[in-house]
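Notes follow the structure.
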Amino acid sequence: MSITVLYFAAIRERLGQDRRELELPASATIAEVWTQSTGEPWNGQALAAINQEYAKAGDRVADGDEVAFFPPVTGG
Amino acid sequence: MSITVLYFAAIRERLGQDRRELELPASATIAEVWTQSTGEPWNGQALAAINQEYAKAGDRVADGDEVAFFPPVTGG
Amino acid sequence: MSVHLQESALDPWEWVQRHQAEHTAIQGKFGATSVFVGTMRDFNQGQQVEAMTLEHYPAMTQKQLETICDEARQQWGVLELLVVHRYGAIKPNDPIVLVAVWSGHREQAFKACRYVIDALKTRAPFWKQEQTSDGRHWVEQEG
Amino acid sequence: MSVHLQESALDPWEWVQRHQAEHTAIQGKFGATSVFVGTMRDFNQGQQVEAMTLEHYPAMTQKQLETICDEARQQWGVLELLVVHRYGAIKPNDPIVLVAVWSGHREQAFKACRYVIDALKTRAPFWKQEQTSDGRHWVEQEG
């Protein structure tokens with residue numbers, strides 16, 4: 001399946017990229033998306049979202065999903 | 001001694017006056033000011049102030065004071 | 001710290017904007033502004049209200065509101081405070097009271113603003129008289 | 001109920017005034033308006049801050065803020081709600097966020113307004129990067 005992965009703020013800066021398209025086996029989890037897309041082990045430090053809703057490490061993604069990784073938020 | 005007495009809102013309407021000057025024996029209390037100025041017994045229903053600060057029934061007034069009687073407040 | 005009583009119509013947002021612009025010393029220092037506006041509704045306790053008259057005790061109102069603002073400032077260390085209250089003839093949808101608080105952080109701003117409006121409602125000598133189809137009557141104090 | 005994200009300068013008082021004027025259906029119905037404005041300070045954790053950049057995740061920010069507003073409306077039965085948040089380059093003393101709530105009574109207005117700003121700070125995907133004399137750094141989340 002094919003998904004889009006977005007990175008924001010300090011994570012975006014550290015990885016040196018803000019977006020990539022990724023091919024993955026069906027029913028991969030958020031943690032697997034992180035590892036596949038960054039080459040780093042999942043350490044649970046990043047917040048994650050699937051299709052603009054917060055998601056947990058074990059949540060599974062589907063074909064066409066937009067997955068995002070970012071640090072704790074600091075708006076307002 | 002000589003004081004000024006003010007009445008507000010429903011109390012002013014019921015008494016048919018908003019202000020009067022009053023001669024009183026020295027060290028009269030708020031309750032005595034009420035009775036002297038209205039001819040009614042003090043029933044504790046009115047709020048009272050001496051020189052624009054809240055006062056209790058037993059508080060004593062001094063020459064030149066401004067005493068006020070009014071119902072519970074409903075501003076804001 | 002300012003307390004104003006006025007008989008004419010009250011534009012709360014213009015007041016807040018002007019007060020903030022005039023207090024240049026707090027610019028860059030405040031991170032939070034909490035504003036409360038109380039507005040006349042066109043019904044109360046199930047009855048249509050056509051108009052209202054707000055009686056007050058001018059000297060005492062001014063003193064009480066200044067005391068309340070002082071208490072709020074001391075308790076929460078707010079940077080600046082503005083209270084504007086109308087009196088006289090009021091129409092439905094007219095703003096009646098404005099409380100605005102500027103502080104470093106939101107906790108102080110919210111608490112001080114709430115404190116001022118709650119204290120005002122129990123201590124500031126104002127009395128509302130409503131005009132309904134039944135005639136005029138004095139409003140009872142809220143529980 | 002409106003949520004707006006904008007890059008240009010934000011005049012919170014003009015927003016509140018216009019929003020209220022446009023929502024004629026609530027006129028005469030609301031007795032309480034609670035407004036919160038968060039403004040950029042010129043110092044943070046003891047350091048002078050020269051400028052700030054606010055990064056965000058546009059689609060998710062919009063969705064999260066709408067969800068938060070819905071929660072507040074359902075929990076307190078407020079009549080109308082407005083949230084405006086800036087992103088991009090921000091200067092000290094610039095307003096960053098506006099939350100405005102209109103309701104029948106002040107309890108609902110204060111609680112809903114506080115709920116929205118608190119939830120926004122923990123859930124809406126914004127990230128502040130400050131520029132100080134030491135260079136640029138990402139702001140840490142508040143305790």
Side-chain angles (χ1 to χ4, degrees), chain A residues 1-22 24 28-38 40 42-76, chain D residues 3 5 10 12 36-41 44-45 49 52-68 83-88 90 94-99 113-130 135-143:
Chain A
M1 66 182 182
S2 165
I3 64 167
T4 302
V5 188
L6 307 177
Y7 310 100
F8 291 95
I11 290 173
R12 171 183 56 70
E13 280 192 343
R14 185 172 63 74
L15 297 174
Q17 60 180 338
D18 62 359
R19 176 197 185 95
R20 59 175 296 186
E21 309 299 322
L22 196 68
L24 278 173
T29 65
I30 281 288
E32 287 161 354
V33 172
W34 172 266
T35 305
Q36 285 292 315
S37 70
T38 65
E40 298 179 357
W42 170 253
N43 59 10
Q45 294 301 303
L47 296 176
I50 301 174
N51 298 328
Q52 301 97 42
E53 301 287 353
Y54 281 99
K56 296 191 195 70
D59 289 353
R60 295 187 185 283
V61 301
D63 188 47
D65 278 356
E66 179 177 285
V67 173
F69 295 104
F70 47 79
V73 304
T74 56
Chain D
V3 170
L5 304 173
L10 192 177
F36 177 81
V37 177
T39 300
M40 186 184 159
R41 296 189 301 159
N44 191 17
Q45 302 179 315
V49 182
M52 189 166 77
T53 305
L54 198 46
E55 182 170 334
H56 77 312
Y57 177 3
M60 184 169 173
T61 308
Q62 184 77 30
K63 248 190 193 177
Q64 289 293 316
L65 291 176
E66 286 172 1
T67 302
I68 291 166
V83 175
V84 187
H85 205 299
R86 281 190 70 183
Y87 60 89
I90 316 238
D94 277 2
I96 300 170
V97 59
L98 160 70
V99 178
C113 189
R114 183 70 197 260
Y115 178 83
V116 170
I117 187 64
D118 285 358
L120 182 157
K121 281 182 174 271
T122 54
R123 288 158 55 187
F126 288 102
W127 303 275
K128 289 174 178 159
Q129 191 181 53
E130 290 178 348
R136 296 189 166 276
H137 64 273
W138 294 99
V139 172
E140 299 280 312
Q141 198 175 35
E142 292 174 25

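Lettering of chains follows the sequences in order, A, B, ..., and the numbering in each one begins at 1. In what follows, every heavy atom counts, from backbone to side chain, and hydrogens, waters and symmetry copies are set aside.
Near-neighbour residues of residues 68-76 of chain A relative to chain D, defined by a heavy atom under 4.5 Å from a heavy atom of that chain, comprise A/Ala68, A/Phe70, A/Pro71, A/Pro72, A/Val73, A/Thr74, A/Gly75, A/Gly76.
For D/Thr122, the part sitting under 4.5 Å from any heavy atom of chain A is the backbone (N, CA, C, O) and nothing else. For chain A, no part of D/His137 is nearby; none of its heavy atoms comes within less than 4.5 Å. Both the backbone and the side chain of D/Ala59 have a heavy atom closer than 4.5 Å to some heavy atom of chain A. The contact between D/Glu140 and chain A is made entirely by backbone atoms, counting heavy-atom distances below 4.5 Å. Proximity to chain A involves both the backbone and the side chain of D/Arg123, based on heavy atoms less than 4.5 angstrom apart. Only the side chain of D/Lys63 comes within contact range of chain A, with heavy atoms under 4.5 Å apart. Neither the backbone nor the side chain of A/Leu47 has a heavy atom closer than 4.5 Å to any heavy atom of chain D.
The shortest side-chain heavy-atom distance between D/Gln129 and A/Glu13 falls under the 4.5 Å cut-off. Between A/Glu53 and D/Met60, the closest side-chain pair of non-hydrogen atoms is not below 4.5 Å.
The local environment of CD in D/Gln45 is sparse, with at most 12 non-hydrogen atoms from other residues, nucleotides or ligands closer than 6.0 Å.
For A/Asp59, there are no salt bridge (charged side-chain N to carboxylate O under 4.0 Å, His left out) partners at least two apart in sequence or on another chain. Remark: D/Phe36 engages C/Phe110 in a ring-ring contact (aromatic ring centres under 6.0 Å, His included) (not counting sequence neighbours). In this structure D/Arg41 satisfies the salt bridge (charged side-chain N to carboxylate O under 4.0 Å, His left out) test with no other residue, sequence neighbours excluded.
Ranked by heavy-atom pairs under 4.5 Å with chain A, the first of D/His85, D/Arg86, D/Glu55 is D/Glu55.
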